[in-house]
Peer 1: 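Pasting a structure below so you can have a look.
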Amino acid sequence: MLEKVFAAIGLAVCMALLLGMLVGRQRVSAMLQRTRSAWRWSRQRRHAEREAVEVIERARRGAPNVKREGNVYRPSSFNGRRADDHQE
């Protein structure tokens, strides 16, 4: 069983090398570059989706000292006058 797995891996490597010789070096490098960029795009997309879910959940939970009026957040720290307000 293990010998068949090694034989299959060896055959796949030989076929890949043969294909690389037939296609040419520039096309092989172009194919590898497309594969890398597709992998990178997929990874970035998954990361962005995860971050979006985290941000949405954080917004749904909300802060404990913030009142919400419709779509407007009104933090309690905005109530009252501050010492540096310069109004008399």
Peer 1: Quick check: does any side chain N or O of T35 sit under 3.5 Å from a backbone N or O of M31, one acting as donor and the other as acceptor?
Peer 2: yes
Peer 1: Filter on salt bridge (Lys or Arg N to Asp or Glu O under 4.0 Å), then keep only pairs touching residues 24-46, sequence neighbours left out; what's left?
Peer 2: R45-E49
Peer 1: Rounded to the nearest 0.5 Å, how far apart are CG of L11 and CG of L18?
Peer 2: 10.5 Å
Peer 1: Within a radius of less than 6.0 Å around CD of E51, do more than 12 heavy atoms belonging to other residues, nucleotides or ligands occur?
Peer 2: yes
Peer 1: Using the test side-chain hydrogen bond (donor to acceptor under 3.5 Å, both in side chains), find all partners of Q44 that sit at least two apart in sequence or belong to another chain.
Peer 2: none
Peer 1: How many angstroms lie between atom NZ of K4 and atom CD1 of I9, to the nearest 0.5 angstrom?
Peer 2: 14.5 Å
